[in-house]
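Here's the structure we're looking at; comments come further down.
Within every chain, numbering begins at 1; the chains are lettered A, B, ... in the order of the sequence lines, protein sequences first and strands thereafter.
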Protein chains: 2
Amino acid sequence: MKSMVKTQHEARAKIIKAMAHPSRLFIIEELNKKERCVNELTDMIGADASTVSKHLSILKNAGLVTDEKRGNSIFYSLRVPCIMEFMGCVEDVLSSTAKQHLEVLKCCRK
Amino acid sequence: MKSMVKTQHEARAKIIKAMAHPSRLFIIEELNKKERCVNELTDMIGADASTVSKHLSILKNAGLVTDEKRGNSIFYSLRVPCIMEFMGCVEDVLSSTAKQHLEVLKCCRK
DNA sequence: GCATTGTGTGGCAATATAGCCAAATAGCCA
DNA sequence: TGGCTATTTGGCTATATTGCCACACAATGC
């Protein structure tokens, strides 16, 4: 693989990897609705505050979210909304896989 | 987080995690152009054949690719083309981050 | 000042991932 | 049959990720 192409894929993979965690997907989805502070997200997710903070820093580091300090809290918001469009495709993968599994079942029952 | 929502995010994360690797992104991109057998991909990537085979099995397990045996080779193809549309969004993240970094530089130089 | 609240950081243990080698399996061709 | 190629699997080590705890640190309110 050519080195330039490889670098490009590494950069992309870093972003996608930042999304590749249930809690972080949840955060992305929530931030797509409205901005949230760490505290709110921590309550919703039900994990340790430090854990959520680290998830947010991973998302921020990947360039997916921005933070803004207001008073005592830090509000995070989604920087690139097009990410949410991708979820539809992910759902397609899931449903198409489920459909295929059903077909296999049908086939074997005959 | 409600359990059903959590399960949904876990399912999605599994698919996204399967994409979150440079070599696997490369494979996805190649398979979007045309089907390929393990051997061809191994040559292109330049890793051990067993490594590439494992990457393919991860992609297959996530429902992203299908395989079809023909003769001595196994040909893989992309199952859900909409994945490629997402790459545009990932590039947006990258360029928007780069742009922001430039702004910061400009700002500090003044 | 002091207690409280909201966030981030360092450290740690458990777990997951990556990639190589060696070996097994399957199909092809003499 | 035997040798060859293509692919997968198991085993191993190195590395990365996750999530908790304890602590640090800033802003707020009293």
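If you take CG of Leu56(B) and P of dA6(D), they are 15 Å apart, rounded to a whole angstrom.
Across all strands shown, the partner of dA18(C) is dT13(D), judged by Watson-Crick or G-U wobble contacts whose two distances both fall under 3.5 Å.
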Item to check | Stepwise salt bridge (charged side-chain N to carboxylate O under 4.0 Å, His left out) test for Lys17(A) and Glu10(A) | outcome: CA-CA 10 Å; Lys17(A) 197 181 282 184; Glu10(A) 278 165 1; over 6 Å; no

Checklist outcome for this item: Reading nucleotides 23-28 of chain D from 5' to 3' and marking B where a protein heavy atom lies under 4.0 Å of the base, S where only the sugar-phosphate is that close, and - otherwise, the string is ---SBS

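Protein chain B contacts DNA chain C from dT17(C) to dC28(C), reading 5' to 3' and using non-hydrogen atoms of the protein with a distance under 4.0 Å.
Counting heavy atoms from C-beta outward, Met44(A) and Leu41(A) have side chains that approach closer than 4.5 Å. Contact of the Leu64(A) side chain with the Ile58(A) side chain is not registered, since no non-hydrogen atoms from C-beta on lie closer than 4.5 Å. With contacts defined as side-chain heavy-atom distances shorter than 4.5 Å, the pair Glu40(B)/Cys37(B) qualifies. For the pair Asn61(B)/Lys14(B), a side-chain contact is recorded, criterion being any heavy-atom separation below 4.5 Å from C-beta on.
Across all strands, Ser53(B) comes closer than 4.0 Å to base atoms (heavy-atom distances).
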For residues 72-79 of chain B, which side-chain N or O atoms pair as donor and acceptor with protein atoms under 3.5 Å away, sequence neighbours left out?
from: Arg79(B); atom 1: NE; to: Gly63(B); atom 2: O; distance (Å): 3.0
from: Arg79(B); atom 1: NH1; to: Ser96(A); atom 2: OG; distance (Å): 3.0
from: Arg79(B); atom 1: NH1; to: Gln100(A); atom 2: OE1; distance (Å): 2.9
from: Arg79(B); atom 1: NH2; to: Ser96(A); atom 2: OG; distance (Å): 3.1
from: Arg79(B); atom 1: NH2; to: Thr97(A); atom 2: OG1; distance (Å): 2.7
from: Arg79(B); atom 1: NH2; to: Gly63(B); atom 2: O; distance (Å): 3.4

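Applying the salt bridge (charged side-chain N to carboxylate O under 4.0 Å, His left out) test to Glu30(A) and every residue at least two apart in sequence or in another chain returns Lys33(A), Arg36(A). Every salt bridge (charged side-chain N to carboxylate O under 4.0 Å, His left out) that Asp67(A) has, sequence neighbours left out, goes to Lys60(A).
His55(B) and His21(B) have tilted rings, their planes meeting at an angle from 30° to 60° on a 0 to 90° scale.
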Show me the protein contacts with nucleotides 16-22 of chain D, counting only N or O atoms at under 3.5 Å.
from: dT18(D); atom 1: OP1; to: Arg24(A); atom 2: NH2; distance (Å): 3.3
from: dT18(D); atom 1: OP2; to: Arg24(A); atom 2: NH1; distance (Å): 3.3
from: dG19(D); atom 1: OP1; to: His21(A); atom 2: NE2; distance (Å): 3.3
from: dG19(D); atom 1: OP2; to: His21(A); atom 2: NE2; distance (Å): 3.3
from: dG19(D); atom 1: OP2; to: His55(A); atom 2: NE2; distance (Å): 2.8
from: dC20(D); atom 1: OP2; to: Asp48(A); atom 2: N; distance (Å): 3.2
from: dC20(D); atom 1: OP2; to: Thr51(A); atom 2: OG1; distance (Å): 3.0
from: dC20(D); atom 1: N4; to: Lys54(A); atom 2: NZ; distance (Å): 2.9
from: dC21(D); atom 1: N4; to: Ser50(A); atom 2: OG; distance (Å): 2.9

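The backbone N or O of Glu91(A) sits nowhere less than 3.5 Å from a side-chain atom of Arg12(B) that would complete a donor-acceptor pair.
Side-chain N/O atoms of Tyr76(B) include one lying less than 4.0 angstrom from OP1 or OP2 on dT8(D).
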